[in-house]
Amino acid sequence: MEVAPGSSFSGVLVASSFDQPDARFALVPKGSNAFRLPAGNDALMKLQALIEHAESRRAGYDAWHESAAVPPPKAPSRMTLAEIRSWIAATPGQHHAIGRYQIVPDTLESLIRRTGLRAETLFDARVQDALANILILDAGYAEFAAGRITPGRFMDNLARIWAGFPLESGLSAYDGVAGNKATVTRAFFAGQMAEIFPQQWVQAELSRRQAGGS
């Protein structure tokens with residue numbers, strides 16, 4: 001779709017968050033630790049794929065927190081928001097991160113309020129991607145794309161949303177909390193981000209050199 005001037009997605013090939021996903025999402029077989037970015041110029045889609053690799057590489061849209069003693073009654077992508085809420089309410093004391101982006105209950109409720117999604121809305125790939133896009137924007141996507149925040153800061157912001165990403169320290173922002181840990185290294189994270197956003201990385205390096213950085 002064509003974006004309006006000044007959009008945070010300007011210059012990026014972006015389909016609607018509610019479009020049906022296609023074969024471009026088939027990165028590698030589930031369960032594999034290998035990773036490659038999707039082809040093409042869609043930076044947002046590539047970032048979504050990287051988040052999946054850090055958070056839900058085994059099951060993607062149908063993932064749930066592996067420590068949950070009582071799993072969802074059916075595949076998350078076939079559950080409505082009401083069904084997810086019922087599962088959460090019926091299984092207290094366990095972890096409920098769910099879907100491709102491992103959204104936790106408090107975050108899910110916040111996103112539902114912000115978007116006005118109805119209880120009968122299916123938590124399918126379209127909706128999961130749309131909700132993730134909001135979180136990516138919350139992390140400063142627009143500011144980063146415009147060069148107003150550094151790559152390192154944007155990465156740290158993403159890491160404070162998704163526990164699988166490491167902070168600059170190399171540790172998850174939620175290290176040890178509910179069994180969380182970084183699932184990729186900071187070097188891998190930075191390398192993939194540099195491939196997704198080459199223009200921003202080059203600009204950041206030029207700015208660092210001009211400032212006399214080593």
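Quick caveat: nothing in here was measured; it's all calculated off a predicted structure.
Separating the CD1 atom in Ile84 from the CD1 atom in Ile103 is a distance of 8.5 Å, to the nearest 0.5 Å. The CD1 atom of Ile134 lies 11.5 Å from the CD1 atom of Ile161; values are rounded to the nearest 0.5 Å. In this structure, OH in Tyr141 is found 14.5 Å from CG in Asn157, a value given to the nearest 0.5 Å. If you take CE on Met155 and CD on Gln192, they are separated by 10.5 Å, rounding to the nearest 0.5 Å. Interatomic distance, Leu117 CG to Phe123 CZ, rounded to the nearest 0.5 Å: 10.0 Å. The CD atom of Gln102 sits 12.0 Å away from atom CD1 of Ile51, with the distance rounded to the nearest 0.5 Å.
Residue-environment remark: CZ (Arg153) stays at or below the threshold of 12 foreign heavy atoms within 6.0 Å. Few gaps surround CD on Glu109; more than 12 heavy atoms of other groups in view lie less than 6.0 Å from it. Atom NZ of Lys181 has 12 or fewer neighbouring heavy atoms from other residues, nucleotides or ligands inside a 6.0 Å radius.
Closest approach of Lys46 to Leu37, counting heavy atoms only: O-CD2, 3.9 Å. Contact detail for Ala163 and Tyr174: the closest heavy-atom pair is CB-CD1, 3.8 Å. The two residues Ala182 and Ser172 make their nearest non-hydrogen contact at N-CB, 3.5 Å. Considering all non-hydrogen atoms of both residues, Ala119 and Arg85 come closest at CB-NH1, 4.4 Å. Nearest heavy atoms, Ala173 versus Ala159: CB-O, 3.7 Å. When all heavy atoms of Arg57 and Ala54 are compared, the closest pair comes out as NH2-CA, 4.3 Å.
Inter-residue side-chain proximity for Glu55 and Thr183 is flagged as unmet; no heavy-atom pair is nearer than 4.5 Å. Between Leu50 and Glu195, the closest side-chain pair of non-hydrogen atoms is not below 4.5 Å. The shortest side-chain heavy-atom distance between Gln48 and Asn133 falls under the 4.5 Å cut-off. The shortest distance between side-chain heavy atoms of Ser77 and Arg100 does not fall below 4.5 Å. Contact of the Leu131 side chain with the Gln128 side chain is not registered, since no non-hydrogen atoms from C-beta on lie closer than 4.5 Å.
With hydrophobic clusters built from ILVMFWY side chains whose heavy atoms lie under 4.5 angstrom apart, Phe188 does not share a cluster with Leu171. Criterion: ILVMFWY side-chain heavy atoms under 4.5 Å apart, direct or through other members. Under it, Leu137 and Val127 are part of a common hydrophobic cluster. Hydrophobic clustering, with ILVMFWY side chains joined whenever heavy atoms are under 4.5 angstrom apart, keeps Leu122 apart from Leu111.
Not counting sequence neighbours, the partners of Trp87 by the ring-ring contact (aromatic ring centres under 6.0 Å, His included) test are His96. Here Gln199 pairs with nothing under the side-chain hydrogen bond (donor to acceptor under 3.5 Å, both in side chains) rule; sequence neighbours left out.
Note on ring orientation: taking the six-membered ring where Trp is involved, the planes of Trp162 and Tyr101 are tilted (angle from 30° to 60°). Using cut-offs of 30° and 60° on the angle between ring planes, the pair Phe165 and Phe189 is parallel.
The residues Glu83 and Lys74 are annotated as salt-bridged, a charged nitrogen and a carboxylate oxygen being separated by less than 4.0 angstrom.
Each of Ile98, Asp124, Asp129 was scored for a side chain to side chain contact (heavy atoms under 4.5 Å, CB included) with Tyr61, with one residue passing: Asp129.
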